[in-house]
Amino acid sequence: MKRYITLFMSTLLGIAVMTAAPEIIRGTVTDSESGEPLPGVVVQSINEASKSVSFSSTKADGSFTLNVKSGVSVTFRCMGYETLSMKVTDDFASVKMSPKATQLRDVIIKAPDIYQKGDTLVYNVDKFAKQQDDAIIDVIKRLPGIKVDDDGTIMYNGKPINKFYIDGNDFIGGQYGLATNNLSKDDVKSVEVLENHQPIKALDDIEFSDQAGINLKLKEDARQKWVGVAQGAAGFSPMLYDASLFTMRIASKIQNMFTLKVDNTGWDPSTQIIEHDYEMLFDRSYDANIWSDYISADAVSIPLADRRTRDNLSMLANAITAWRTGDTSMRLKLNYSGDRLDYSSGVTTDYFSSDIPDFVQNKSLRTSSHDVTAQLNSEVNKSEYYLKNKLVADALWRNSDSGVSGSYSLGQRVKRRTLSVVDDLRLVKRNDKRLVTVSSRNSVNHNPQELNVTGDEINADQWIHTTDVRSTTEVKYGRFFGRWKLYTSGGVDLNYHRLRSSLTGRELPVEGDGHYNAFVSGVYVTPQLDYDYRSFNLSIWLPVKWRHYSIAGNRDFVDVSPRVWVRKQIGAKSEFSASVAYAMSSPSAEMFVDTPFMLDSRNIYRAVAMERYTNSSSASLTYKYRNPLSAFFANISGSFQLSRAPFMSNQLFTGDFIVCDLLAHGLHKPHNVAFGRS
């Protein structure tokens, strides 16, 4: 009997073994779009009954081999692709996986001074700070990969940052110099660099940004309460002083910042209140400055750093109040800056001809300015749409007195008054397949300016009054086709410019009055094609703009400026980018205003109508490398530019004056007159 039981149990065990005997499946995994083999795909089989699991992975040619059991499922997983599940009875000869964007979790790489969390680099302030640092800007200047320009612009890997946050709040706007130059290093825990930062949520995953944002993360004891710094210093022979008061409070809904500063040690207040706003409101066809100021007698140009040469008395007062609720924020700014500057310079000109004596000019200049600005910002930043409006009112008073000695002696005085109001509006609306952007800028500017020159051989008065009204509206429409994005933007630019001028005096080579009601209009369209695939980006622009000038007659021009830009990410540490551009540009509108203008005591300018285009070509190559672990950052770039203008200036000596002529294809017309004893 035992013999039969043993035989029966052996038979059942054999059947069970045969039933559980593994089956070998083979196949190949490829990309469903490109058909390329996919190496490194994880192939996994799961038997729900026995809970047994077996693994394999595809080779370089996409092939795999896996031992499976009956009644199991087979899954295929690969980063960047949708997970695929198949039955063991399916055909594995050609398995196709569909690409899919993968959201990576934060991976923290620790270094002694720098941490990396995904696309964010975190600099530990305590590791880089020194005892003699006055403000957080002194620490930022020392961080690897970051450079601060003389005007306060913060650069990361060779490009200016596009946003500045404090604890995630953008309540300062582009005037981040107010915070970086006054916020104590002891209140900041870390400086975070947000690489490839897209500040507009509606453009996230649509428009690639090669600029970074910066966020100052405060320490716990500096949050939700008032923090500030008061400091003062004085010196003698000569009397020097520097005093400032800074206070700030960042709460969940309301943020406040107040700054007061007075200084006569060479500090320039404009470096703190300058707007570092790199958000492009319009495309590349937009010309921000159609008209320029003519009088330059109060302009200061020095080859050395301002801090070494400025003899100043400067004042600054600023108040910022911001409200924030979810994705909606508002900001009110009030600025006052005053600057009195004393400036001395000397110029000696030697001529090749011994018949011309040396020209010597010694100049002493004092300028005083007062600038009052009010700004109101409102913004809604959601993933579905983005809406922003910025209203700015600015009033500027500027006076200057200068004396000139040397080859001749005279005095000159400049007086400027400027009042301007500018309103910017931008709306971005998106869905899965479309993007619509509407941008608008409307401005009014009134700018009277006067120049008075008095001397032994010359007595001249130049006054120029301008009123400028401008309105620009642009619409951008985009469609998405997988990895391709097609945009078309078009805009209308309308400008009315009223100019009244008068130049009178004694011993002047030219005099004259000018009265112009100029209309400048433009219509432009820019097709744009973008291609994004993993670590590769390509953009092609073809802007075309029609310009119409109604200035002492009617003239029409067509500008074209194609551009190609390409970027390739090479691993996690380096990238390469290149661009090629060409532009055929029409002459500026002010070329058709032929009234003489006295720029300063030596120069008189009169434009000559030139209905010819300027051609320019450019190319650039950039390679960036970053290794946070070793704190090594490199930015290598090279560029080439070639510009061909249809005119050139020529200097001729005529009596007591230097006459600059304009030469163009055989034309010889008076262009510029400069004073100088011969």
Side-chain angles (χ1 to χ4, degrees), residues 151 268 270 288-304 306 309-310 312 339-347 349 359 361-371 396-418 420 445-455 458-466 468 497 499-505 508-512 514 516 588-591 593-608 649 651 657-660 662 670-676:
D151 64 354
D268 185 357
S270 65
N289 299 308
I290 299 178
W291 308 91
S292 60
D293 290 333
Y294 291 102
I295 296 176
S296 60
D298 56 345
V300 177
S301 177
I302 50 179
L304 301 176
D306 286 352
T309 58
R310 281 176 57 90
N312 72 304
D339 196 18
R340 191 193 72 193
L341 175 65
D342 292 318
Y343 174 72
S344 300
S345 66
V347 176
T349 304
F359 174 78
Q361 182 187 66
N362 298 312
K363 184 177 180 180
S364 61
L365 171 68
R366 165 169 284 191
T367 65
S368 59
S369 64
H370 303 275
D371 192 0
L396 171 67
W397 297 263
R398 181 181 173 94
N399 297 325
S400 74
D401 289 281
S402 62
V404 179
S405 62
S407 298
Y408 62 93
S409 299
L410 54 83
Q412 55 185 1
R413 174 175 295 179
V414 177
K415 183 169 67 174
R416 300 179 187 269
R417 303 289 184 267
T418 301
S420 65
N445 184 291
H446 180 62
N447 182 20
Q449 47 186 318
E450 300 177 10
L451 169 64
N452 175 262
V453 180
T454 304
I458 180 176
N459 192 338
D461 291 293
Q462 169 77 78
W463 61 265
I464 306 170
H465 290 191
T466 62
D468 190 271
H497 189 78
L499 184 148
R500 299 290 183 269
S501 69
S502 175
L503 175 60
T504 59
L508 291 177
V510 291
E511 295 180 278
Y516 292 88
S588 62
E590 58 191 21
M591 291 292 290
V593 177
D594 60 359
T595 297
F597 296 98
M598 191 170 191
L599 310 184
D600 56 30
S601 60
R602 295 197 66 207
N603 296 282
I604 293 179
Y605 168 83
R606 180 164 59 187
V608 175
S649 61
Q651 289 188 341
F657 307 104
I658 302 174
V659 180
C660 296
L662 191 69
H671 172 61
N672 186 304
V673 178
F675 287 80

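These numbers come from the heavy atoms of this one structure, side chains and all, not from hydrogens, waters or symmetry mates.
Ser270 meets the side chain to side chain contact (heavy atoms under 4.5 Å, CB included) test with Asp268; sequence neighbours excluded. Take Arg366 and apply the side chain to side chain contact (heavy atoms under 4.5 Å, CB included) test, not counting sequence neighbours, and it matches Arg340, Asp342. Residues passing the salt bridge (Lys or Arg N to Asp or Glu O under 4.0 Å) test with Asp371: none are found, sequence neighbours excluded. For the side chain to side chain contact (heavy atoms under 4.5 Å, CB included) test, residues two or more places apart in sequence or in another chain that qualify with Asn452 are Thr454, Asp461. With sequence neighbours excluded, the residues satisfying salt bridge (Lys or Arg N to Asp or Glu O under 4.0 Å) with Asp401 are Arg413. The side chain to side chain contact (heavy atoms under 4.5 Å, CB included) check on Thr418 picks up Leu396, Asn445, Asn447, with sequence neighbours excluded.
Listed here is the closest heavy atom pair of Leu599 and Tyr294: CD2-O, 2.8 Å. Among all heavy-atom pairs drawn from Arg416 and Ile295, the shortest one is NH2-O, 2.5 Å. Scanning both residues, Ser400 and Thr367, for their nearest heavy atoms gives CB-CG2, 3.6 Å. Minimum heavy-atom separation, Leu410 to Ser601: CD1-CB, 3.5 Å. Residue Ile464 comes nearest to Ser501 through the heavy atom pair CG1-CB, 4.2 Å, listed as atom of the first residue, atom of the second, then distance.
Rounded to the nearest 0.5 angstrom, Arg417 CZ and Trp397 CH2 are separated by 8.5 Å. Interatomic distance, CD of Glu590 versus CZ of Phe597, reported as 9.0 Å (0.5 Å rounding). For the atom pair OG1 of Thr504 and CH2 of Trp463, the computed distance is 10.0 Å after rounding to the nearest 0.5 Å. Residue Met598 holds its CE atom at 6.0 Å from CG of Leu451, rounded to the nearest 0.5 Å. Of the inter-residue distances, the one linking Leu365 atom CG with Ser344 atom OG reads 8.5 Å to the nearest 0.5 angstrom. Within the model, atoms CZ of Arg500 and NE2 of His465 stand 11.5 Å from one another, a figure rounded to the nearest 0.5 Å.
Between Tyr343 and Asp298, the side chains place no donor N or O within less than 3.5 Å of an acceptor N or O (distance only, hydrogens not considered).
No donor-acceptor pair closer than 3.5 Å links the side chain of Gln412 to the backbone N or O of Asp600. A donor-acceptor pair under 3.5 Å is formed between the side chain of Glu511 and the backbone N or O of Gly505. In this structure a side-chain-to-backbone donor-acceptor pair under 3.5 Å is missing from Glu450 to Gln462.
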Report the C-alpha distance between Arg310 and Leu341 in whole Å, list the side-chain angles of each, state the deciding distance to 0.1 Å, and finish with yes or no for side chain to side chain contact (heavy atoms under 4.5 Å, CB included).
CA-CA 7 Å; Arg310 281 176 57 90; Leu341 175 65; 4.1 Å; yes
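Around atom NZ of Lys363, more than 12 heavy atoms belonging to other residues, nucleotides or ligands sit under 6.0 Å away.
Aromatic ring orientation, His497 versus Trp291: parallel (interplanar angle below 30°, classes split at 30° and 60°).
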